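Note that the structure is a prediction, hence the values are computed from the model and not measured.
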Amino acid sequence: YCDSIDPNVIAININKKRVESISDLLDGKTYISQTSCGICGQEMIHSLGKNIKPFSDSIKIDPEKVKNMLNRLPDFQPLRKKTRAVHAAAICTEEFEVLESSEDVGRHNALDKAIGKLLLSGTLKNARIAVMSSRISYELVQKASRAGIPVIIAISRPTALAVKFAEQLNMTLICLAKNEGIHVFTGVNRLASVS
């Protein structure tokens, strides 16, 4: 950590063997992740899922618990209650036990913080579901998939690219419907029963 310069800067030295194994990423104009400005060219679209394996269908989730969790999300948003200006990410087990939650003005940061807390505590392996207060973008699909989380549930609908990317990774994307139901965009096979 470069605390004397900026506490948000981390210097990373990569050993020669690792540099050789990721040379295509370092030499090409590809990125591990890109946020906010969108996709920069066809090469980047193909690199989004690089080194990410599609998920198996090993979990089943209850649609009623999906709706209940979306209704409970405000319980994990103390800053939003004060400011009305932040997003939340809650990460749960298959049974919707909340493992960790975080808030941030940026939805990507909220998810990064929640994943980071689980990584540091050694409990990321139990994460199966990310619940978001925002829309689902391709970046959130990418972050969740890299963390091993096969299901994203959100208040708002996903973007078209998020749906396409999630289909390639066999992820489940769900959002709240206006009639208090849910919309399932991908991975309907993970729902224990569809109501």
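Residue-environment remark: CG (Asn13) stays at or below the threshold of 12 foreign heavy atoms within 6.0 Å.
Taking hydrophobic clusters as Ile, Leu, Val, Met, Phe, Trp and Tyr residues chained together by side-chain heavy-atom distances below 4.5 Å, Ile115 does not share a cluster with Val105. No continuous path of hydrophobic side-chain contacts links Leu111 to Leu120 [ILVMFWY only; heavy atoms under 4.5 Å]. When the side chains of ILVMFWY residues are joined at heavy-atom separations under 4.5 Å, either directly or via intervening members, Val86 and Val98 end up in two distinct hydrophobic clusters.
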**OP:** Would you sort out whether Arg128 and Glu94 count as a salt bridge (Lys or Arg N to Asp or Glu O under 4.0 Å), showing the intermediate values?
**Re:** CA-CA 6 Å; Arg128 296 293 177 270; Glu94 183 178 345; 5.3 Å; no
Subject >> Working for side-chain contact (heavy atoms from CB on, under 4.5 Å), residues Lys117 and Ser102 >> reply: CA-CA 9 Å; Lys117 289 176 185 178; Ser102 289; 3.1 Å; yes
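For Thr172 (side chain) and Val151 (main-chain N/O), no donor-acceptor pair under 3.5 Å exists by modelled atom type. For Asp104 (side chain) and Asn109 (main-chain N/O), no donor-acceptor pair under 3.5 Å exists by modelled atom type. Side-chain N or O atoms of Thr186 include one that pairs as donor or acceptor with a backbone N or O of Leu173 at under 3.5 Å.
With respect to the salt-bridge test (charged N to carboxylate O, under 4.0 angstrom), the residues Glu100 and Lys113 do not qualify.
Neither side chain, Thr93 nor Glu95, offers a donor N or O lying under 3.5 Å from an acceptor on the other. If you check the side chains of His87 and Ser133, you find a donor sitting under 3.5 Å from an acceptor.
Of the inter-residue distances, the one linking Ile174 atom CD1 with His183 atom NE2 reads 12.0 Å to the nearest 0.5 angstrom. To the nearest 0.5 Å, atom CD of residue Gln142 and atom CG of residue Leu169 are 9.0 Å apart.
Evaluated for a side-chain contact (heavy atoms from CB on, under 4.5 Å) with Phe185, the options Arg157, Met171, Glu167 yield exactly one hit, Arg157.
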Under 3.5 Å donor-acceptor pairs involving side-chain atoms of residues 69-83, not counting sequence neighbours:
unit_1, atom_1, unit_2, atom_2, d
Asn71, ND2, Lys67, O, 3.2
Thr83, OG1, Leu79, O, 2.9
Thr83, OG1, Ala85, N, 3.2

